[in-house]
Amino acid sequence: EVQLVESGGGLVQPGGSLRLSCAGSGFTFGDYAIGWFRQAPGKEREGVSCFSGSDGRSYFADSVKGRFSSSNDNVKNTVYLQMNSLKPEDTAVYYCNAVNSWYDYWGPGTQVTVSS
């Protein structure tokens with residue numbers, strides 16, 4: 001059974017940090033491009049970051065550039081999104097996505113709330 005499960009969300013104050021994890025099972029992340037997306041209530045889903053093995057680089061939306069970064073653990077088959085200097089407008093459900101030419105997998109999401 002193919003699964004993606006996000007974790008690490010929670011409630012933080014503005015300026016705080018969180019690290020989100022996306023653990024994959026039933027497949028190998030190395031065979032896919034990886035993306036993080038987020039959606040706040042009443043708003044459209046927006047892309048946060050994308051990683052492609054073709055160039056080995058991550059790309060970030062302007063709204064998070066310089067504050068967010070990504071990493072991975074190949075042994076654990078897990079990818080991470082490090083979020084620093086969080087702002088209230090970062091509040092959303094964050095989703096992990098893995099896609100290649102044949103498949104498109106999504107996790108159930110994890111809630112991130114930034115509030116004082």
Can you tell me how far apart OG (Ser63) and CD (Glu46) are? Round to the nearest 0.5 Å.
5.0 Å
Disulfide (SG to SG under 2.5 Å) contacts in which one or both residues fall within residues 77-116, not counting sequence neighbours:
Cys22-Cys96
Taking atom OG of Ser70 and atom CE of Met83, what is their separation to the nearest 0.5 Å?
12.5 Å
Give a yes or no on whether Trp102 and Leu4 share a hydrophobic cluster (residues Ile, Leu, Val, Met, Phe, Trp, Tyr; joining criterion: side-chain heavy atoms under 4.5 Å apart).
yes
Using the rule that Ile, Leu, Val, Met, Phe, Trp and Tyr join whenever any side-chain heavy atoms are under 4.5 Å apart, tell me whether Val2 and Val99 fall into a single cluster.
no
Between Phe27 and Ala98 the two heavy atoms that sit nearest each other are CE1-CB, 4.0 Å
Could you pull out all donor-acceptor pairs under 3.5 Å where a side-chain atom in residues 103-115 meets a protein atom, sequence neighbours excluded?
from: Asp104; atom 1: OD1; to: Asn97; atom 2: ND2; distance (Å): 2.7
from: Asp104; atom 1: OD1; to: Trp106; atom 2: NE1; distance (Å): 3.2
from: Thr110; atom 1: OG1; to: Gly9; atom 2: N; distance (Å): 3.3
from: Gln111; atom 1: NE2; to: Ala92; atom 2: O; distance (Å): 3.4
from: Gln111; atom 1: NE2; to: Thr113; atom 2: OG1; distance (Å): 3.4

If you round to the nearest 0.5 Å, how far is CD of Glu6 from OG1 of Thr78?
11.5 Å
Sub-4.5 Å side-chain heavy-atom contact between Ser58 and Cys50
no
Measuring from atom CZ of Arg67 to atom OG of Ser85, what distance do you get when rounded to the nearest 0.5 angstrom?
7.0 Å
Test of understanding: clusters of I, L, V, M, F, W, Y form through side-chain heavy atoms closer than 4.5 Å, transitively. Do Leu20 and Val12 belong to the same one?
yes
Atom OH in Tyr80, atom OG in Ser21: separation rounded to 0.5 Å?
5.0 Å
For the backbone of Ala23 and the side chain of Asn77, can you confirm whether one donor and one acceptor N or O come within less than 3.5 Å of each other?
no
Could you give me the CA-CA distance, side-chain angles and deciding distance for Asn72 and Phe29, then say whether side chain to side chain contact (heavy atoms under 4.5 Å, CB included) is met?
CA-CA 9 Å; Asn72 66 280; Phe29 272 121; over 6 Å; no
For Val64 and Arg38, run side chain to side chain contact (heavy atoms under 4.5 Å, CB included): C-alpha distance rounded to whole Å, both residues' side-chain angles, the deciding distance at 0.1 Å, then the answer.
CA-CA 12 Å; Val64 306; Arg38 66 186 184 185; 3.9 Å; yes
In Å, rounded to the nearest 0.5 Å, how long is the span from CZ of Phe68 to CG of Leu86?
5.5 Å
Residue pair Phe60 / Ser69: nearest heavy atoms and the distance that separates them
CZ-CA, 3.5 Å
Would you say that more than 12 heavy atoms from the other residues, nucleotides or ligands in this model lie under 6.0 Å from the CD of Glu89, or not?
yes
Under the rule for side chain to side chain contact (heavy atoms under 4.5 Å, CB included), what residues qualify as partners of Ser17, not counting sequence neighbours?
Gln82, Asn84
Hey, mind stepping through Asp62 and Lys65 against salt bridge (charged side-chain N to carboxylate O under 4.0 Å, His left out) and telling me if it holds?
CA-CA 5 Å; Asp62 288 341; Lys65 194 173 299 181; 3.2 Å; yes
Can the ring centres of Phe37 and Tyr94 be said to be less than 6.0 Å apart?
no
Residue pair Arg57 / Phe51, side-chain heavy-atom distance below 4.5 Å
no
